[in-house]
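Here it is, the structure in full.
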Number of protein chains: 2
Amino acid sequence: MKYVDKLRNSGLRPTKQRLQICEVLFNTEKTYHFTINDLALKIKNQLNNKISLATVYNTVHAFEKKGYLKQIPINSNQTYFDTNISDHHHFYDLKEEKLIDLENSDVGPINILKKINGKKIKSVEVLVKLED
Amino acid sequence: MKYVDKLRNSGLRPTKQRLQICEVLFNTEKTYHFTINDLALKIKNQLNNKISLATVYNTVHAFEKKGYLKQIPINSNQTYFDTNISDHHHFYDLKEEKLIDLENSDVGPINILKKINGKKIKSVEVLVKLED
DNA sequence: ACACTTTTTTAGAATCATTATAAACTACCA
DNA sequence: TGGTAGTTTATAATGATTCTAAAAAAGTGT
């Protein structure tokens, strides 16, 4: 999808800064995990161009809300995001403090038997912690 | 287990404050979820007695490290803990911002097929997000 | 009980991710 | 081209967590 459309769908106008953020986020061979700080650094290095943190936060959150990015549920002082928005899970290597993708097929079907009245399941996320 | 032993096993001496924290954490009919702030308030109300935040943080972290409390992997500005240390999972009601226990038997077996060289699985945690 | 050392508690300061603000800037549309 | 509404930015504010250093409590040996 064109970056312009991703932005518009997320309720954002396609400005220069936002398009640059899109470049860094989506113009990659592989998907990746990042924190806002990681991303701001990547932008600075990759584009030789500083974008204010506020703009990075805004854009990332808009994408997350729309589903073009996923937040990874993990306890850390920083919030981790994933450019891989397919249905998948994560290993978390406690020692290295690194996330590793786990494809859905690596986990097998998960069957939530309990139902909550009037609520429906939006997502099922698995975090597998690894130690040595 | 006696509070004194829980504390000693966690590398802490049984002081008055720590024993009071134990009362609030473990002397309950049901298990519960809490943030540090929740706990500090509960202590103040339940024991009519203020314990400094630093002490609460220290004690909770020591228990968490030893496994007498669990951290719940969820993205929030605050860290959530659980006094239920049995193997179980959570619903997270996005609207109410509330956690609900999911017994292991409510989820069914989870089979992690992918292996990482030299690492072993420490825990498998499932977070099921709920919407209306 | 006493003197002495070590650990703990505490209030407040420091840190750091995130969010809010408000002024300067830019995109969009008539 | 002008005007309005949306953006960017640096900076300030917020708020959870961690750090600090001095006072208090607990442990130890006599």
Checklist entry - So, is A:Ser52 near the phosphate of D:dT8, with a side-chain N or O under 4.0 Å from OP1 or OP2? => result no
Item to check | Bend angle of the helix from C:dA1-D:dT30 to C:dA30-D:dT1, end axes from five pairs each (to 10°) | outcome: 30°
Item to check | Contact check, side chains of A:Gln20 and A:Asn49, non-hydrogen atoms, under 4.5 Å | outcome: yes
Checklist entry - When the distance from CD1 of B:Ile51 to C1' of C:dA11 is rounded to whole Å, what number comes out? => result 15 Å
Checklist outcome for this item: Tested for side chain to side chain contact (heavy atoms under 4.5 Å, CB included) against B:His90, the lone hit among B:Leu127, B:Asn84, B:Ile74, B:Val128 is B:Leu127
Checklist outcome for this item: Closest of C:dT9, D:dT9, D:dA16 to the B:Arg18 side chain is C:dT9
Checklist entry - D:dA10 phosphate, OP1 or OP2: any side-chain N/O from A:Lys50 under 4.0 angstrom? => result yes
Checklist entry - For C:dT18, does either OP1 or OP2 sit under 4.0 Å from a side-chain N or O belonging to A:Thr79? => result yes
Item to check | Length of the line joining B:Phe34:CZ and D:dA16:P, which is rounded to integer Å | outcome: 16 Å
Item to check | A:Lys115 side-chain N/O to A:Ile112 backbone N/O, donor-acceptor pair under 3.5 Å | outcome: yes
Checklist entry - Within this structure, what is the CD-to-C1' distance between A:Gln78 and D:dG15, rounded to whole angstrom? => result 16 Å
Next on the checklist: Nearest whole Å is fine: how far is C:dT8 P from B:Ile21 CD1?
Outcome noted: 13 Å
Item to check | Pairwise 5' ranking along DNA chain D for A:Gly11 and B:Tyr80, keeping only the more 5' one | outcome: A:Gly11
Checklist outcome for this item: When rounded to whole Å, the CD to P distance for the pair A:Gln17 and D:dG6 reads 17 Å
Next on the checklist: What is the distance, to the nearest angstrom, from the CD atom on B:Gln71 to the P atom on D:dA16?
Outcome noted: 16 Å
Checklist entry - Expressed in angstrom and rounded to an integer, what is the separation of A:Leu39 atom CG from C:dT18 atom C1'? => result 15 Å
Checklist outcome for this item: Readout for nucleotides 19-30 of chain C: B = base within 4.0 Å of protein heavy atom, S = sugar-phosphate only, - = neither; 5' to 3' it is BB------BS--
Next on the checklist: Looking at B:Ser52 and B:Ala54, would you say the former's side chain and the latter's main chain have a donor-acceptor pair under 3.5 Å?
Outcome noted: yes
Next on the checklist: What's A:Thr35 touching, base or sugar-phosphate or nothing? Going by heavy atoms closer than 4.0 Å.
Outcome noted: nothing
Checklist entry - Nearest 0.5 Å, what's the CD-NZ distance between B:Gln17 and B:Lys50? => result 11.0 Å
Checklist entry - Where the side chain of B:Arg18 meets the backbone of B:Arg13, is there a donor-acceptor pair that is under 3.5 Å apart? => result yes
Checklist entry - Distance from B:Ser86 atom OG to B:Asp101 atom CG, nearest 0.5 Å? => result 7.0 Å
Checklist entry - Can you say whether the rings of A:Tyr3 and A:Phe26 are parallel (under 30°), tilted (30 to 60°) or perpendicular (over 60°)? => result tilted
Checklist entry - About how many Å separate OH of B:Tyr80 and CG of A:Asn75, when rounded to the nearest 0.5 Å? => result 11.5 Å
Item to check | Euclidean distance, atom CD1 of residue B:Ile36 to atom C1' of C:dT10 [Å, nearest integer] | outcome: 16 Å
